A.B. asks: 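Okay, here's the structure, questions in a sec.
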Amino acid sequence: MYIMNMFMVLARYYHYYGGGYGTRAASDHIGIYIILYLAILLLPLIAQINVSSTFKKYSRIPNSRGLTADQVARMILDANGLQHVRIEHVKGSLSDHYDPKANVVRLSDSTFGQRSVAAIGVAAHECGHVCQHAENYRPIVIRSSLVPVTSFCSHFWYLLLILGVVLSSLTIGTILIYFSIAMFAAVVIFQTVTLPVEFDASSRALKTLANDGILEPNEVPHAAKVLKAAALTYVAGLVASILQLIRLLLSVRRR
């Protein structure tokens, strides 16, 4: 994806600045594009490094009750009348998720069977998503309705943009560029709706872990730090996407 973005950046630079690299205005615009691109590249990377290091740190701290993350997930689901939701073990690290179509909470190697406060926090977070669906929590209903369109847009917007750049001398090229930007804007909207869904799931998880006595009072803040780091990856992704959208709009403005 980043390689594709770099291709687009170079293509746009060539299109806009091919004959004007010696001017101060062109140099200023190139500087803006480089800053935007670096932010787009680095923000998600920094957030991912942060969540990995935070999870690794608190995965060394076992919970005092000796519970495993899958046991905690089962306890939370049963307490909320969600006995029909299964829990499965999947390969990978931090690839945990809830599949509402299959009614399955899938816990990764780094979570399933683990007794750390980090793993328990992640498992409780996924159970928070299950409760959201069960209650028809409005943001997650909206998010779910956007999935089909957003999935299509996220896979094909940049292909349309490249085609538009190739055909930029024709009217159809301009139309494709604008349409690709509209598709990417749909992705940004989806990411925006995702934020309250993720923050609410973490809030539910921490309240349950504290109120039900699953974690000791001194252990809850550790789980909170893991979930906060995970939430920041969504924030960083949204900010990077907004900057990407700004970059695309600036490119169109220069036409």
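All of these numbers come straight from a predicted model, not from anything done at the bench. Atoms considered below: every heavy atom in the structure, side chains included; atoms not considered: hydrogens, waters and symmetry mates.
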A.B. asks: Check the pair Leu77, Val130 against side-chain contact (heavy atoms from CB on, under 4.5 Å), reporting the backbone distance first and the verdict last.
C.D. replies: CA-CA 8 Å; Leu77 294 176; Val130 182; 3.8 Å; yes
A.B. asks: Looking only at heavy atoms, what is the nearest atom pair of His155 and Ser151, with distance?
C.D. replies: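 The answer is ND1-O, 2.6 Å.
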A.B. asks: I want to check something: taking the side chain as every heavy atom from C-beta on, are Asp212 and Ile76 in contact at a cut-off of under 4.5 Å?
C.D. replies: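 No, too far: nothing below the 4.5 Å cut-off.
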A.B. asks: If I take atom CG from residue Leu245 and atom CG from residue Leu249, how far apart are they, to the nearest 0.5 angstrom?
C.D. replies: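 Separation between the atoms: 4.5 Å.
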A.B. asks: Among pairs that include at least one residue of residues 128-139, which meet salt bridge (charged side-chain N to carboxylate O under 4.0 Å, His left out), considering only residues two or more places apart or in two chains?
C.D. replies: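 As it turns out, the salt bridge (charged side-chain N to carboxylate O under 4.0 Å, His left out) pairs with a partner in residues 128-139, which skip direct neighbours, are Glu135-Arg204.
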A.B. asks: Between the side chain of Ser203 and the main-chain N/O of Asp200, is any donor-acceptor distance below 3.5 Å?
C.D. replies: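 No; judged by distance alone, with no hydrogens or angles, the pair does not exist.
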A.B. asks: May I ask you to test the Val104-Tyr98 pair for a side-chain heavy-atom distance under 4.5 Å?
C.D. replies: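 Answer no - side chains too far apart.
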A.B. asks: What I'd like to find out is whether the side chain of Ile120 reaches to under 4.5 Å of the side chain of Thr68, using heavy atoms alone.
C.D. replies: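 No, too far: nothing below the 4.5 Å cut-off.
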A.B. asks: Do Leu209 and Val72 make a side-chain contact, defined as non-hydrogen atoms from C-beta onward lying under 4.5 Å apart?
C.D. replies: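 Contact flag for Leu209/Val72 side chains = yes.
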A.B. asks: Would you mind telling me which of Phe179, Phe184, Phe152 makes a side chain to side chain contact (heavy atoms under 4.5 Å, CB included) with Trp157?
C.D. replies: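 That would be Phe184; it is the only one of Phe179, Phe184, Phe152 passing the side chain to side chain contact (heavy atoms under 4.5 Å, CB included) with Trp157.
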A.B. asks: Quick check for you: to the nearest 0.5 Å, what is the distance between Ile242 atom CD1 and Ile40 atom CD1?
C.D. replies: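 One gets 11.0 Å once the value is rounded to the nearest 0.5 Å.
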A.B. asks: Strictly distance-based, threshold 3.5 Å: is any side-chain N or O of Arg65 a donor or acceptor partner for the main-chain N or O of Gly213?
C.D. replies: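 Between the backbone of Gly213 and the side chain of Arg65 there is a qualifying donor-acceptor contact (under 3.5 Å).
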A.B. asks: Report yes if the side chains of Ile34 and Tyr37 come closer than 4.5 Å at any heavy-atom pair, otherwise no.
C.D. replies: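 Side-chain contact under 4.5 Å: no.
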A.B. asks: Would you check if there is a donor-acceptor pair between the side chains of Gln244 and Arg247 at a distance under 3.5 Å?
C.D. replies: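 Result is yes, a qualifying pair exists.
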A.B. asks: Applying the 4.5 Å side-chain criterion to the ILVMFWY set and letting contacts propagate, would Ile49 and Phe55 be lumped into a single cluster?
C.D. replies: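 The answer is no; the residues belong to distinct hydrophobic clusters.
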A.B. asks: As a quick check of understanding, evaluate side-chain contact (heavy atoms from CB on, under 4.5 Å) for Gln132 and His129, giving each step before the final call.
C.D. replies: CA-CA 5 Å; Gln132 288 173 337; His129 286 311; 2.9 Å; yes
A.B. asks: For the CG atom of Leu161 and the CG atom of Leu248, what is their distance to the nearest 0.5 Å?
C.D. replies: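 The CG atom of Leu161 sits 6.0 Å away from the CG atom of Leu248.
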A.B. asks: May I ask whether Tyr178 and Ile189 are part of the same hydrophobic cluster, defined by side-chain heavy atoms of I, L, V, M, F, W, Y residues being less than 4.5 angstrom apart, directly or through others?
C.D. replies: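 Result: no, two separate clusters.
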A.B. asks: What's the shortest heavy-atom distance between Leu82 and Cys131, and which atoms?
C.D. replies: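 The answer is CD1-SG, 4.1 Å.
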A.B. asks: Should Leu238 and Leu195 be marked as a side-chain contact (heavy atoms from CB on, under 4.5 Å) after you check the CA-CA gap, both sets of side-chain angles, and the distance that decides it?
C.D. replies: CA-CA 9 Å; Leu238 175 60; Leu195 281 187; 3.3 Å; yes
A.B. asks: For Leu43 versus Ala236, what's the shortest heavy-atom pair and its separation?
C.D. replies: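 Shortest heavy-atom contact: O-CB, 3.7 Å.
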A.B. asks: Donor-acceptor check, side chain of Thr150 to backbone of Phe190, threshold 3.5 angstrom: yes or no?
C.D. replies: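 Not at all, since once roles are kept as given, no pair shorter than 3.5 Å links the two residues.
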A.B. asks: Find out whether Leu160 and Ile177 are in side-chain contact, i.e. whether some heavy atom of one side chain is under 4.5 Å from a heavy atom of the other.
C.D. replies: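 Leu160 vs Ile177: side chains apart.
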A.B. asks: Does one side chain, of Thr194 or Gln191, offer a donor that lies under 3.5 Å from an acceptor on the other?
C.D. replies: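 No - no donor-acceptor pair under 3.5 Å links their side chains.
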A.B. asks: Look only at the side chain of Ser145 and the backbone of Ile142, and say whether a donor-acceptor pair between them is shorter than 3.5 Å.
C.D. replies: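 It does hold such a pair.
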A.B. asks: Taking Ser202 for its side chain and Phe199 for its backbone only, find out whether a donor-acceptor pair lies under 3.5 Å.
C.D. replies: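 Flag not set: sc Ser202 to bb Phe199 has no pair under 3.5 Å.
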A.B. asks: If you round to the nearest 0.5 Å, how far is CG of Asp78 from NE2 of His84?
C.D. replies: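 The distance works out to 11.0 Å.
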A.B. asks: Mind running side-chain contact (heavy atoms from CB on, under 4.5 Å) on Thr54 and Asn50 for me, showing each step along the way?
C.D. replies: CA-CA 6 Å; Thr54 302; Asn50 180 53; 3.6 Å; yes
A.B. asks: With side chains defined as the heavy atoms from C-beta onward, is the minimum distance between Ile140 and His133 less than 4.5 Å?
C.D. replies: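 Ile140 vs His133: side chains touch.
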A.B. asks: With a 4.5 Å heavy-atom cut-off, do Val188 and Thr192 have their side chains touching?
C.D. replies: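 Touching, per the 4.5 Å side-chain cut-off.
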A.B. asks: Indicate the atoms forming the closest heavy-atom contact of Ala39 with Pro44, along with that distance.
C.D. replies: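 So the two residues come closest at O-CD, 4.1 Å.
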A.B. asks: Please find the pair of heavy atoms, one from His97 and one from Ser95, that lie closest to each other, and give the distance.
C.D. replies: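 Heavy atoms only, the tightest pair is ND1-O, 3.0 Å.
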A.B. asks: Between Gln48 (side chain) and Thr233 (backbone), is there a donor-acceptor pair under 3.5 Å?
C.D. replies: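 Looks like no, no N/O pair under 3.5 Å.
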A.B. asks: Distance-only check: which donor-acceptor pairs under 3.5 Å involve side-chain atoms of residues 111-119, not counting sequence neighbours?
C.D. replies:
from	atom 1	to	atom 2	distance (Å)
Thr111	OG1	Asp96	OD1	3.3
Thr111	OG1	Asp96	OD2	2.9
Arg115	NE	Gly66	O	2.9
Ser116	OG	Ala119	N	3.0

A.B. asks: If you measure from the Lys or Arg side-chain nitrogens to the Asp or Glu carboxylate oxygens, is any gap between Arg74 and Asp70 under 4.0 Å?
C.D. replies: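 No, Arg74 and Asp70 are not salt-bridged.
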A.B. asks: Under 6.0 Å from the NE2 atom of His89, do we count more than 12 heavy atoms belonging to anything else shown?
C.D. replies: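 Yes, because the 6.0 Å sphere around NE2 of His89 holds more than 12 heavy atoms from other groups.
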A.B. asks: How close do Ser108 and Gly92 get, counting heavy atoms only, and between which atoms?
C.D. replies: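 Nearest heavy atoms, Ser108 then Gly92: CB-O, 3.3 Å.
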A.B. asks: Any donor and acceptor pair, going by atom type alone, linking the side chain of His125 with main-chain N or O of Gly121 inside 3.5 Å?
C.D. replies: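 No, His125 side chain to Gly121 backbone: no donor-acceptor pair under 3.5 Å.
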A.B. asks: Taking Asn103's backbone N and O only, do any of them form a donor-acceptor pair with Asp99's side chain (distance below 3.5 Å, no angle check)?
C.D. replies: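 Checking the backbone N and O of Asn103 against the side chain of Asp99, no donor-acceptor pair under 3.5 Å is found.
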A.B. asks: Given 3.5 Å as the limit, does a donor-acceptor pair link the side chain of Ser180 with the main chain of Tyr158, or not?
C.D. replies: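 Side chain of Ser180 to backbone of Tyr158, a donor-acceptor pair under 3.5 Å: no, none is there.
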A.B. asks: Could you grab the distance from atom CG of Asp109 to atom CG of Leu94, nearest 0.5 Å is fine?
C.D. replies: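 So the gap between those two atoms works out to 10.5 Å.
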